[in-house]
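Note that the structure is predicted; figures quoted are calculated from it, not measured.
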Amino acid sequence: MPLAVGLVGGATRVHPAARLALDVLGAATSADLAAAAAAAGMANNLAALRALSTEGIMKGHMRLHARSRDLVR
């Protein structure tokens with residue numbers, strides 16, 4: 001999947017949180033960062049498909065709200 005990412009310049013060198021995120025990820029090259037971004041996107045799509053194929057997004061979302069407010073256990 002074509003994905004334009006870069007590690008030179010911009011926030012990746014200046015912003016401490018961006019630097020930390022790259023260090024935690026272990027991305028030494030832009031290809032590493034692109035692979036991680038593609039994997040995260042594919043995992044997100046898989047989660048959405050799972051939500052659609054089981055109880056539905058709205059019902060699951062509302063259940064999470066209820067659980068966070070201790071209304072449902």
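For residues 31-43, every residue pair satisfying the side chain to side chain donor-acceptor pair (under 3.5 Å) rule, not counting sequence neighbours, is listed here: T29-D32.
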Would you be so kind as to tabulate the donor-acceptor pairs closer than 3.5 Å made by side chains of residues 33-53, with sequence neighbours excluded?
| from | atom 1 | to | atom 2 | distance (Å) |
| --- | --- | --- | --- | --- |
| S53 | OG | L49 | O | 3.1 |
| S53 | OG | R50 | O | 3.2 |

Per-pair distances, 0.1 Å, donor-acceptor, side chain in residues 15-24, under 3.5 Å, sequence neighbours excluded:
| from | atom 1 | to | atom 2 | distance (Å) |
| --- | --- | --- | --- | --- |
| H15 | ND1 | A17 | N | 3.1 |
| H15 | ND1 | A18 | N | 3.4 |
| R19 | NH1 | T12 | O | 3.1 |

